[in-house]
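First up is the structure itself, then whatever we jot down about it.
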Amino acid sequence: QVLRSVLLFPTIERMAQSPQGKLMTPLLCKLRYALYMPVYLLSFLPEGVKASLVRFALRGMKTCDESSISTSINLFSVDCIANILYMASQEMMKVVERDSTTIKQNLKKLIFYYGTGDSWCPQHYYDEIKMDFPDGDIRLCEKGLRHAFVLDASKEMAAMITDWLQDDLTKL
C-alpha cells in the first residue's frame, strides 16, 4: 500500500513544448542516429580517459559525487546511448497531457516539487497545477536546485524528502 509518492521536478506533461523540449525534440526524434558513431568511437577509449572526459563535462558542478562519474562512463556505450535516446524521443512524443484524473484520485498521496528555473517543467506548469489542485501538496523549490539535482544536490534533496515524510514514516 502506497502511503506517499514524491514527484521531483515532475515532467508529467507537455515535454516537447517545454523550453528544453523545444531544443531537444528535433535532436532526439530526427538526429539521434548521428550520435551513434562518435559514441562508438569514444567507447574504445581507456576507462581513465573516459573518466577524465566526464569530469571535464561536469566541472561546473559545486560538488560532483564520484558515483556520478563512474555511472556516467556508461554513456560511452552505443547500446546505452541508443536506449536513452530512444526512450527520450518516445517521451517527447507521448508525454503530452497531464493525467489530471489520476492526480485527482491520488491527490492526498502525492507531493509535487517544482523548480523555479527548470527548463523541462517551467514554473508556469507549477502555477497551473497549483490552480487546478489548490488542496494538493504542490511545492516550489526555494533553494535553487536544478532538474538534474542528482549530480550535485542528492544529499540535500534526500534530507528534504525525509523531513516531508517523517509523519508517514512513523506510521510504519
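We use all heavy atoms of the structure for the numbers below, so side chains are in, but hydrogens, waters and symmetry mates are not. All residue numbers in this chain count up from 1 along the given sequence.
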Nearest atoms (heavy-atom pairs only) where [X] meets [Y]:
| X | Y | value |
| --- | --- | --- |
| C141 | L145 | SG-N, 3.4 Å |
| R139 | I111 | NE-CG2, 3.8 Å |
| M92 | L28 | CG-CD1, 3.9 Å |

Would a hydrophobic clustering, with Ile, Leu, Val, Met, Phe, Trp and Tyr connected at side-chain separations under 4.5 Å, put [X] with [Y]?
| X | Y | value |
| --- | --- | --- |
| F76 | Y40 | no |
| L45 | L41 | no |
| L23 | V96 | no |
| V95 | L85 | yes |
| I161 | V150 | yes |

_Ring-face cation contact, W164 with R4, 6.0 Å cut, 45° max_ =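 Judged by the rule (NZ or CZ under 6.0 Å from the ring centre, within 45° of its axis), R4 is not positioned above W164.
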_The test is side-chain contact (heavy atoms from CB on, under 4.5 Å); show your working for R55 and I69 and say whether it passes._
CA-CA 7 Å; R55 278 190 191 88; I69 292 166; 3.4 Å; yes
*asked:* Taking atom CD as the centre, does Q166 end up with more than 12 heavy-atom neighbours from other residues, nucleotides or ligands that are less than 6.0 angstrom away?
replied: yes
*ILVMFWY cluster membership beyond F56 - transitive side-chain contacts under 4.5 angstrom*: none
*Hydrophobic cluster (4.5 angstrom, side-chain heavy atoms) - remaining members for F112*: L7, I12, I103, L107, L110, Y114, Y125, Y126, I129, F133, I138, L140
Within this structure, what is the [atom1]-[atom2] distance for the pair [X] and [Y], rounded to the nearest 0.5 Å?
| X | Y | atom1 | atom2 | result |
| --- | --- | --- | --- | --- |
| M157 | K143 | CE | NZ | 9.0 Å |
| L165 | L3 | CG | CG | 9.0 Å |
| K109 | D137 | NZ | CG | 15.0 Å |
| K94 | M87 | NZ | CE | 13.5 Å |

*What class does the angle between the rings of Y113 and F9 fall in, given that below 30° is parallel, 30 to 60° is tilted and above 60° is perpendicular?*
perpendicular
_Applying side-chain contact (heavy atoms from CB on, under 4.5 Å) to L75 and I84, what does each step give before you reach the verdict?_
CA-CA 9 Å; L75 298 175; I84 289 168; 3.4 Å; yes
*Between the side chain of D163 and the main-chain N/O of M160, is any donor-acceptor distance below 3.5 Å?*
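Checking the backbone N and O of M160 against the side chain of D163, no donor-acceptor pair under 3.5 Å is found.
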*With sequence neighbours excluded, give me every side chain to side chain donor-acceptor pair (under 3.5 Å) pair touching residues 15-38.*
Q20-S119, R32-S89
*Any chance you could lay out the side-chain contact (heavy atoms from CB on, under 4.5 Å) test for V54 and K50, step after step, and finish with the verdict?*
CA-CA 6 Å; V54 170; K50 292 177 192 176; 5.6 Å; no
*Walk me through it: do N106 and V2 pass the test side-chain contact (heavy atoms from CB on, under 4.5 Å)?*
CA-CA 10 Å; N106 297 286; V2 176; over 6 Å; no
